[in-house]
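One-based numbering along the sequence shown.
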Amino acid sequence: MAAAAATPNSMLLHRPSPAAPRAPVAAPSVRVPPRAAQIRCAAVAAPSAPAPLAAAGDRGVYNFAAGPATLPLSVLQRAQAELVDYRGSGMSIMEMSHRGKEFDAAIKKAESDLRALLAVPDTHEVLFLQGGATTQFAAAPLNLCASPSDPADFVVSGSWSDKAFKEAKKYSAASVAWSGKAGKYTSLPEDLGALPQNPEARFLHICSNETIHGVEFKDYPVPTNKSGVLVADMSSNFCSKPVDVSRFGLIYAGAQKNVGPSGVTIAIVRKDLVGAAQPITPVMLDYKTHADNASLYNTPPCFAIYICGLVFEDLLAQGGLAEVEKKNQHKAGILYDTIDASGGYFICPVDKPVRSLMNVPFTLAKGADFEKQFIAEAAKEGMLQLKGHRSVGGVRASIYNAMPLSGVEKLVAFMKDFQARNP
């Protein structure tokens, strides 16, 4: 293929000259018993120090994956510095007891900071769980329905809420209050107050942001049943903006999108809903098990919780979720404006009022072959994981909290350049 002519945007795609590397973080001192200091192993070479990470939050590549997703560079660097010796303990947090004082302080600090970020009221428990959000598809009806014959309503706005509904049918009389399937999951109910709900439903379930289809609730419905509660899978927009937690009986989220690595799932559940699980509920799916034991009934995903704690500290340092939301709105606005201004070259199928700030799906009017070319060329320029979900194809840019503005700016420059070279 002949070399493409330069375009006004192509100059923006060149990677900048690397900044002067930071001095490597000094290896933390490890307390060693006096006798051990006399041991000599001349045949074993000392491990080389890890290469320092890039400065200014830019690692030379931008990870647009839907999850596990990019994490703040400052968080990774801090975890790197503490990996071998966690704050003078002589141990890594990955190898210390989850019942020791060090981890107890870490998990309590993580919970406290999350409560501060979301203004979680004292009426709600904060639980650090395992099994991903998919496990909560079963846990929610098992805990909130007294028997499998109790009704529950679902707004099916995409693949994840559909999976939640199908799983809930095993443990409740679940029904669909609204479905966006006919419109290929590109919209949400126009009037949330007019949802045809079952007046006896124990809960109304939504997925606040559909990771695959890029549909996001900007407001939330109210259950018709006065004693029913609103339940939300917030996996892909958790901690991306302020939320009135008091409106929900249960919020759950896999951490691997916005607040940590895979392995930990966070549940925020109203305390009066804890303790009435169906008799068939496995002990590990009973919220009371974890509430009574401060999320330490068994060995939790310690390292993942520790990383979440560092992310919560970072979000608070940014000024909290109101400031984080402003940044997310700005990043998403730049990307959507580029799509809409392309004259139909790039197409986002989602209705504008409900477009996600986190996951931006789009296609190329020139077809699947050009989408493959677009994704391959973007990867060569350091923009990774732009392939759409296997169930829908196309392109998807996930621009979670930790995606820097420079990543979105580079992507839109590449989009304009690609369009100019491939009219």
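Using a 30° and 60° split on the angle between ring planes, Tyr62 and Phe64 fall in the tilted class, from 30° to 60°.
Within 6.0 Å of CZ in Arg390 there are 12 or fewer heavy atoms belonging to other residues, nucleotides or ligands. When the shell of 6.0 Å around NZ of Lys387 is examined, it contains 12 or fewer heavy atoms from other residues, nucleotides or ligands. No more than 12 heavy-atom neighbours from other residues, nucleotides or ligands sit within 6.0 angstrom of CG on Asp122. By the 6.0 Å contact criterion, CD on Glu95 is enclosed, its count of non-hydrogen atoms from other residues, nucleotides or ligands being greater than 12. Dense packing is recorded around NZ of Lys366, with more than 12 heavy atoms of other residues, nucleotides or ligands lying under 6.0 Å away. Atom NZ of Lys271 is surrounded by more than 12 heavy atoms from other residues, nucleotides or ligands within 6.0 Å.
Counting only distance, with no hydrogens or angles, the side chain of Glu216 and the backbone of Glu210 share no donor-acceptor pair below 3.5 Å. A distance-only check finds no donor-acceptor pair linking the side chain of His213 to the backbone of Val215 [under 3.5 Å]. Although no hydrogens or angles enter the test, the distance criterion places no donor-acceptor pair under 3.5 Å between the side chain of Lys218 and the main chain of Ser356. Between the Arg202 side chain and the Ser172 main chain, no donor and acceptor come within less than 3.5 Å of each other. In terms of modelled atom types and a separation under 3.5 Å, the side chain of His290 and the main chain of Met284 share a donor-acceptor contact. Here the side chain of Gln256 pairs no donor or acceptor atom with the backbone of Gly132 at under 3.5 angstrom. Remark: the backbone N or O of Pro353 is not paired with any side-chain donor or acceptor of Asp351 at under 3.5 angstrom. The closest donor-acceptor contact from the side chain of Gln419 to the backbone of Ser342 lies under 3.5 Å. Checked by atom type and distance alone, the side chain of Asp191 never pairs as donor or acceptor with a backbone atom of Leu195 at under 3.5 Å. Between the side chain of Asn293 and the backbone N or O of Ser295 there is no donor-acceptor pair closer than 3.5 Å.
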Exercise for the section: Check the pair Lys410 / Asp417 against salt bridge (charged side-chain N to carboxylate O under 4.0 Å, His left out), numbers first and verdict last. Expected result: CA-CA 10 Å; Lys410 183 169 183 177; Asp417 177 67; over 6 Å; no

Exercise for the section: Evaluate the side chain to side chain contact (heavy atoms under 4.5 Å, CB included) criterion for residues Met383 and Ile375: first the C-alpha distance (whole Å), next the side-chain angles of each, then the deciding distance (0.1 Å), finally the verdict. Expected result: CA-CA 8 Å; Met383 292 167 283; Ile375 292 165; over 6 Å; no

Practice task
Give the C-alpha distance, both sets of side-chain angles, the deciding distance and a yes or no for side chain to side chain contact (heavy atoms under 4.5 Å, CB included) between Phe103 and Arg99.
Solution key: CA-CA 7 Å; Phe103 184 74; Arg99 304 196 187 280; over 6 Å; no

Handout entry: Working for side chain to side chain contact (heavy atoms under 4.5 Å, CB included), residues Asn298 and Gln130
Key = CA-CA 10 Å; Asn298 70 333; Gln130 301 182 64; 4.0 Å; yes

Practice task
Before giving the answer on ring-ring contact (aromatic ring centres under 6.0 Å, His included), spell out for Tyr86 and Tyr306 the whole-Å C-alpha distance, their side-chain angles and the decisive distance to 0.1 Å.
Solution key: CA-CA 11 Å; Tyr86 178 70; Tyr306 156 70; 5.6 Å; yes

Problem - Test salt bridge (charged side-chain N to carboxylate O under 4.0 Å, His left out) applied to Asp219 and Arg247, step by step - result: CA-CA 11 Å; Asp219 195 8; Arg247 294 184 62 178; 3.1 Å; yes

Practice task
Might you work through the salt bridge (charged side-chain N to carboxylate O under 4.0 Å, His left out) test for Arg421 and Glu377, ending with a clear yes or no?
Solution key: CA-CA 12 Å; Arg421 292 186 288 106; Glu377 290 187 12; 2.9 Å; yes

Problem - Working for salt bridge (charged side-chain N to carboxylate O under 4.0 Å, His left out), residues Arg87 and Glu102 - result: CA-CA 9 Å; Arg87 303 180 188 182; Glu102 294 90 355; over 6 Å; no

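Residues Ile266 and Val259 form a side-chain contact, since some pair of their non-hydrogen atoms from C-beta on lies under 4.5 Å apart. Here the side chains of His98 and Asp104 are not in contact, with every heavy-atom distance at 4.5 Å or above. The side-chain heavy atoms of Ile206 and Ser161, taken from C-beta on, include no pair separated by under 4.5 Å. With a 4.5 Å cut-off on side-chain heavy atoms, Ile305 and Pro300 count as touching. Using a 4.5 Å heavy-atom cutoff, the side chains of Leu273 and Asn143 are not in contact. For the pair Ile212/Pro361, no side-chain contact is recorded, criterion being any heavy-atom separation below 4.5 Å from C-beta on. Inter-residue side-chain proximity for Phe238 and Tyr252 is flagged as unmet; no heavy-atom pair is nearer than 4.5 Å. Between Pro349 and Lys184 there is no side-chain heavy-atom pair separated by less than 4.5 Å.
Take Tyr336 and apply the ring pair (Phe, Tyr, Trp, His ring centres under 6.0 Å) test, not counting sequence neighbours, and it matches no residue.
If you look at Phe374 and Phe414, their ring centroids are closer than 6.0 Å. Ring centroids of Tyr220 and Phe248 are separated by less than 6.0 Å, placing the two rings close together.
For the ring-ring contact (aromatic ring centres under 6.0 Å, His included) test with Phe154, the passing option among Trp160, Trp178, Phe165 is Phe165; the others fail. The side-chain contact (heavy atoms from CB on, under 4.5 Å) test with Thr135 singles out one residue from Leu285, Leu129, Thr265, and that residue is Leu285.
For the residue pair Asn258/Ser236, the side-chain donor-acceptor check at 3.5 Å is not satisfied. For the residue pair Thr281 and Asp286, no side-chain donor N or O sits within less than 3.5 Å of a side-chain acceptor on the partner. A side-chain donor-acceptor contact under 3.5 Å links Asn359 and Tyr400.
Residue pairs meeting the side-chain hydrogen bond (donor to acceptor under 3.5 Å, both in side chains) criterion with at least one member in residues 307-335, sequence neighbours excluded: Arg78-Glu313, Lys109-Glu313, Asp314-Gln318, Gln318-Lys327, Glu323-Lys326, Asn328-Lys331, Asn328-Asn401.
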